[in-house]
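The structure appears right after this line, and notes come after that.
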Amino acid sequence: MKISSDPAEDTRSRTITWKDPAATAAVGAKMAGLEYVRAVQSGELPPPPIATLMNFSIAELDEGRAVFIGEPGEEHYNPIGVVHGGYASTILDSALGCSVHTTLPIGTAYTSQTLEVKYLRPILRDTGAVRAESIVIHRGQKTATAEAKLTAVETGKLLATGTSTLLLFEL
């Protein structure tokens with residue numbers, strides 16, 4: 001691979017546009033969790049800025065389950081030439097949180113308390129689309145726990161796994 005001596009030849013850009021997340025959250029606070037995330041999935045409500053920035057979206061939802069599809073690209077690369085581990089962590093964290101969110105009544109919110117990610121394979125732009133599938137394994141009054149797998153859509157290869165405990169609280 002030859003690196004050009006003219007930096008302008010190697011420059012790329014990406015424009016990110018998003019809607020005010022506080023306005024969306026205010027609407028969502030008046031909805032049950034599954035209703036809210038379905039409204040985001042359908043486009044009735046705009047996606048959160050992180051989904052736009054990281055190029056992923058909700059593909060499937062059921063109570064206690066969420067599936068995200070993402071497209072990591074070179075804009076997610078780290079200095080050693082692979083997709084930064086933060087990409088896998090972010091899409092897993094989002095799927096884990098949304099799987100719990102689907103179980104929440106109106107007026108209940110959550111935040112990640114713990115997140116553990118195990119990286120199993122490198123992700124490259126050539127990996128193509130990835131799929132993060134999460135299920136809730138416990139939902140109590142104060143905390144919930146979920147687990148997820150991140151796989152390459154084309155090959156089905158397991159790329160990473162994640163578990164999370166989420167703190168539940170009233171708005």
Side-chain angles (χ1 to χ4, degrees), residues 1 12 14 16 18 21 24-25 28 32-34 36-41 46-105 108-169:
M1 178 169 141
R12 293 157 173 78
R14 182 174 170 214
I16 307 297
W18 65 90
T24 303
L34 184 57
Y36 178 42
V37 291
R38 279 191 173 148
V40 173
Q41 178 191 25
I50 191 68
T52 303
L53 182 66
M54 300 297 279
N55 199 20
F56 61 73
S57 60
I58 302 168
E60 299 173 31
L61 290 168
D62 293 303
E63 186 169 338
R65 180 175 172 271
V67 177
F68 279 57
I69 298 290
E71 190 76 38
E74 67 179 17
E75 68 273 22
H76 303 117
Y77 269 38
N78 62 24
I80 62 171
V82 298
V83 172
H84 191 281
Y87 186 91
S89 292
T90 302
I91 194 170
L92 285 167
D93 185 50
S94 297
L96 289 158
C98 279
S99 68
V100 169
H101 200 159
T102 65
T103 70
L104 301 181
T108 302
Y110 69 93
T111 190
S112 298
Q113 192 173 35
T114 67
L115 173 65
E116 180 179 5
V117 175
K118 292 189 175 32
Y119 303 99
L120 305 171
R121 287 186 171 81
I123 301 172
L124 306 168
R125 68 176 171 206
D126 295 340
T127 300
V130 296
R131 173 186 168 99
E133 182 170 357
S134 175
I135 59 166
V136 174
I137 56 175
H138 168 76
R139 199 333 228 118
Q141 293 296 318
K142 305 268 184 201
T143 63
T145 304
E147 60 187 15
K149 293 179 181 180
L150 183 67
T151 57
V153 170
E154 186 177 318
T155 65
K157 288 185 178 180
L158 185 60
L159 305 169
T161 62
T163 57
S164 183
T165 300
L166 298 103
L167 180 64
L168 308 180
F169 58 93

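Count residues from 1 along the sequence.
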Would you check, one step at a time, whether the test side-chain contact (heavy atoms from CB on, under 4.5 Å) holds for L168 with V100?
CA-CA 9 Å; L168 308 180; V100 169; 4.0 Å; yes
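- Scanning all heavy atoms of the two residues, the minimum distance from G81 to L124 falls at O-CD2, 3.7 Å.
- Here the straight-line distance linking atom CD1 of I123 with atom NE2 of H84 works out to 11.5 Å at 0.5 Å rounding.
- Checking V153, I91, L150 one by one against R131, the side-chain contact (heavy atoms from CB on, under 4.5 Å) holds for a single residue, V153.
- F56 and Y87 have perpendicular rings, their planes meeting at more than 60° on a 0 to 90° scale where under 30° would count as parallel.
- For the atom pair NZ of K118 and OG1 of T163, the computed distance is 6.5 Å after rounding to the nearest 0.5 Å.
- L159 approaches P122 most closely through the heavy-atom pair CD2-O, 4.4 Å.
- Note: L115 CG to T90 OG1 = 9.0 Å, rounded to the nearest 0.5 Å.
- Here the shortest heavy-atom pairing between A66 and S99 reads CB-N, 3.7 Å.
- Here the CD atom belonging to E147 is positioned 10.5 Å from the CD atom belonging to E133, to the nearest 0.5 angstrom.
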Candidate pair E63 and T103, rule side-chain contact (heavy atoms from CB on, under 4.5 Å), full reasoning:
CA-CA 6 Å; E63 186 169 338; T103 70; 4.2 Å; yes
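- In this structure the side chain of Y77 reaches within 4.5 angstrom of the side chain of V83, judged on heavy atoms.
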With side-chain contact (heavy atoms from CB on, under 4.5 Å) as the test, would you mind laying out the steps for R139 and L104 before giving the verdict?
CA-CA 9 Å; R139 199 333 228 118; L104 301 181; 3.7 Å; yes
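- Side-chain contact between P72 and V130 is present, with heavy atoms from C-beta onward closer than 4.5 Å.
- The structure places OG1 of T127 at 9.5 Å from CD of E71, a figure rounded to the nearest 0.5 Å.
- Between the side chain of R14 and the main chain of L53, a donor-acceptor pair closer than 3.5 Å is present.
- At a threshold of 4.0 Å, the pair R65-E60 counts as salt-bridged, since one of the basic side-chain nitrogens sits closer than that to a carboxylate oxygen.
- In plain terms, the two heavy atoms of P47 and V40 that are nearest each other are CA-CG1, 3.9 Å.
- A donor-acceptor pair under 3.5 Å links the side-chain atoms of Q41 to the main chain of A59, judged by distance alone.
- Identified under the ring-ring contact (aromatic ring centres under 6.0 Å, His included) test for residues 110-138, with sequence neighbours left out: H101-Y110.
- With hydrogens and angles ignored, the 3.5 Å screen pairs a side-chain donor or acceptor of T114 with a backbone N or O of T165.
- Shown here for T111 and F169, the closest heavy-atom pair between the two residues is N-CE2, 3.9 Å.
- The heavy-atom pair separating G162 from L92 by the smallest distance is N-CD1, 4.2 Å.
- Interatomic distance, CD1 of I135 versus OG1 of T102, reported as 11.5 Å (0.5 Å rounding).
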